[in-house]
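Report on the structure given below.
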Amino acid sequence: MVESERLKVLGKGPRREGPVAYWMSRDQRVDDNWSLAAAQEMALARKAPLAVLFCLVPAYKGASRESFAFMLGGLIETARELARRKIPLVFLRGDPAVEIPRWVGEGAVSVLFCDFDPLREKKRWQEAVASKIGIPLFEIDGHNVVPCRFASPKQEYAAYTFRPKMKRLLPRFLKEIPSVERHPFRWPDEKEGERSLKVLAESLALLPAPQAALGPPGALAARSRLARFLDEGLARYDERRNDPNGEGQSGLSPYLHFGQISAQRVAFEVSRADVADEAKEAFLEELVVRRELADNFCLHNDAYDRFEGFPDWARKTLDDHRGDERPFLYDLPALEAARTGDPLWNAAQRQMVLRGRMQGWLRMYWAKKILEWSPSPEEALERAVGLNDRYELDGRDPNGYAGIAWSLGGVHDRAWPERPVFGKVRYMNLAGARRKFDVDAFCRSIPPFE
DNA sequence: ATCGGCTCGCGCAA
DNA sequence: TGCGCGAAGCCGAT
């Protein structure tokens, strides 16, 4: 039974007979998917067929072809899993605001479910779809462990204001998730799913061959990554996560971003793991508190990727320092090609481009240096967001926008001693990195661009 | 190696 | 209204 806390009615319409559909976007999995479970629950109650829709938006936010390949690889697995349960995955391409209503109308669908997503493009698509389809549109938040709208009704000032709310609510959401069963009511067009699978495979064939450095996509790969982390990484997570040398982090971020694994599943397994409480707390702090704080930030702050989204004190202090001399200025091509005077920054940039992921602590350092080396905060923000969205497998995600806003604009942070360019925004430098870990070993470990 | 100061504002206690 | 405290820090003093 899906909790009402996960549900928001985005569109209303008359109750009528007909198939049920789920417009999958951010949660691209079959297992542990509350939206899909809710859709099936309703379809079973109505003795109606069920289909899952996915609408691919070409060139979405400048994502790299490797990111698309990672997503499509996961979607093919999802399509096969759905087929085993006699549920077609219908694969559309184009503008969701056009394609979803068209398909819903042609199929005489009676109810549509969708995922929760706080980003503006997704909200606009959902609004457009809701206004066009004339049937109920139900949003289900199965991406967050504690549903975002329920966790807090406003933008949280910092982690310390959000953490107690999460701590209080988390236990009631750490539980088993209903599985999706073989659907007894057949979709009218039996070939629909097969045709989509073919289109998916063709789309994937046009993209670059999967690179081993990026890691394998899909729900199965995500589960085995989780199993390995529970086995080998979790116990020492607290001491190793901030060292870019080695495998201290879980490596789950790309899977979580595409919803190839459920955060609730990860949190549930971690909470039951046989390790010290400190290790669990440290990981759940990242997975739940920080990750879901990012959704909170984007949902309640329309300017989540703009200067105007920074807190007053940070905007003021950055304004005060606009005229400061910037001794090292790089243009975007120099940054993109990892040709700056900072070997650590260059290595971090290469790690992102070559592997589609950057170690967590380095992401902060990386973004702050872009502020230091850009003519204005606005330019820095645009560059950081653009590079992150393009090259990170987990780019185009609230976590990226919140992380960059933390680094450049003091979001969820506090004021620090005033200095050039940064003003009172927290500063980081290479000396600090050297204090924390072996910088040279890290730089050597990332190969140069050829 | 360790420590205090730097600095802002939220949220709670009073 | 006062007070404690906070994602990953820096820097200089001891």
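The figures that follow rest on heavy atoms only: side chains count, while hydrogens, waters and symmetry mates do not. A, B, ... follow the sequence lines: proteins, then strands. Residue 1 opens every chain.
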**Asked** So what does A:M364 hit on the nucleic acid, given a heavy-atom distance under 4.0 Å: a base, only sugar-phosphate, or nothing?
**Response** base

**Prompt:** Can a side chain N or O of A:K424 be found less than 4.0 Å away from OP1 or OP2 on B:dC8?
**Reply:** yes

**Request:** First locate atom NZ of A:K280, then atom OG of A:S271, and finally report the distance between them rounded to the nearest 0.5 Å.
**Result:** 6.5 Å

**Request:** Using the P atom on both, measure B:dG5 against C:dG4 and round to a whole Å.
**Result:** 14 Å

**Request:** Provide, to the nearest angstrom, the distance between the CZ atom belonging to A:F162 and the P atom belonging to B:dC10.
**Result:** 18 Å

**Message:** Both A:G360 and A:R419 contact DNA chain C. Which one's nearest nucleotide lies toward the 5' end?
**Reply:** A:G360

**Message:** Give me the distance, rounded to whole Å, that separates B:dG9 from C:dC10 when you measure between the P atoms they each carry.
**Reply:** 23 Å

**Request:** Assign A:K165 to base, sugar-phosphate, or nothing according to its heavy-atom contacts below 4.0 angstrom with the strands shown.
**Result:** nothing

**Message:** With rounding to the closest Å, how many angstrom separate the P atoms on B:dT7 and C:dG12?
**Reply:** 15 Å

**Asked** Any side-chain N or O of A:N242 less than 4.0 Å from the OP1 or OP2 oxygen of C:dA8?
**Response** no

**Request:** Could you check how far OH of A:Y427 sits from P of B:dG5, rounded to whole Å?
**Result:** 23 Å

**Asked** Going by distance alone, is a donor N or O of one side chain under 3.5 Å from an acceptor N or O of the other, for A:N144 and A:D295?
**Response** yes

**Fill in**
Residues of residues 398-417 of chain A with a heavy atom under 4.0 Å from any atom of DNA chain C, listed by number, are A:W406, A:R414, A:W416, A:P417

**Asked** Do A:Y22 and A:D115 have a side chain donor and acceptor closer than 3.5 Å?
**Response** yes

**Message:** Could you identify the nucleotide paired to B:dT7, looking across every strand shown and requiring Watson-Crick or G-U wobble geometry with both distances under 3.5 Å?
**Reply:** none

**Request:** Can you spot which of A:R124, A:K8, A:K122 makes a salt bridge (Lys or Arg N to Asp or Glu O under 4.0 Å) with A:D117?
**Result:** A:K122

**Asked** Just how far, in rounded Å, is C1' of C:dA7 from CZ of A:F297?
**Response** 15 Å

**Asked** Is it true that the side chains of A:E392 and A:H257 contain a donor and an acceptor less than 3.5 Å apart?
**Response** no

**Message:** What is the distance, to the nearest angstrom, from the NZ atom on A:K369 to the C1' atom on C:dG9?
**Reply:** 12 Å

**Message:** Just to verify, which of A:L226, A:V145, A:L284 counts as forming a side chain to side chain contact (heavy atoms under 4.5 Å, CB included) with A:V266?
**Reply:** A:L226

**Request:** Take the protein atom CG of A:L287 and the nucleotide atom P of C:dA7, then report the distance between them rounded to whole Å.
**Result:** 17 Å

**Message:** Just N and O in the side chain of A:R426: are any of them under 4.0 Å from OP1 or OP2 of C:dG6?
**Reply:** no

**Greater than 12 external heavy atoms within 6.0 Å of A:E308's CD** = yes

**Message:** Within the 4.0 Å heavy-atom criterion, would you say A:E286 contacts the bases, only the backbone, or no part of the nucleic acid?
**Reply:** base

**Request:** Please work out if A:A159 contacts a base, only the sugar-phosphate, or nothing of the nucleic acid, heavy-atom cut-off 4.0 Å.
**Result:** sugar-phosphate

**Complete:** The nucleotide from C:dC11, B:dC10, C:dA7 with an atom nearest the side chain of A:N429 is C:dC11

**Request:** Provide the distance between the two C1' atoms, one in C:dA8 and one in B:dG11, to the nearest whole Å.
**Result:** 24 Å

**Rounded distance in Å - CZ (A:F422) to P (C:dC11)** = 11 Å

**Prompt:** Is the A:F442 ring parallel, tilted or perpendicular to the A:F437 ring (thresholds 30°, 60°)?
**Reply:** perpendicular

**Prompt:** Considering every strand shown, what is the Watson-Crick or G-U wobble mate of C:dA8 when both distances are under 3.5 Å?
**Reply:** none

**Asked** So what does A:Y157 touch, heavy atoms closer than 4.0 Å: a base, only the sugar-phosphate, or nothing?
**Response** sugar-phosphate

**Prompt:** Between C:dC5 and B:dG4, how far is it from one P atom to the other, in whole Å?
**Reply:** 14 Å

**Prompt:** Which is true for A:R435 with a 4.0 Å heavy-atom rule: it touches a base, it touches only sugar-phosphate, or it touches nothing?
**Reply:** sugar-phosphate

**Asked** When the ring planes of A:F91 and A:F54 are compared, do they come out parallel, tilted or perpendicular, using 30° and 60° as the limits?
**Response** parallel

**Asked** A:K436 NZ to C:dC10 C1': how many Å, rounded?
**Response** 12 Å

**Item:** Atom-pair distance (CH2 on A:W313; C1' on B:dT7), nearest Å
**Value:** 9 Å

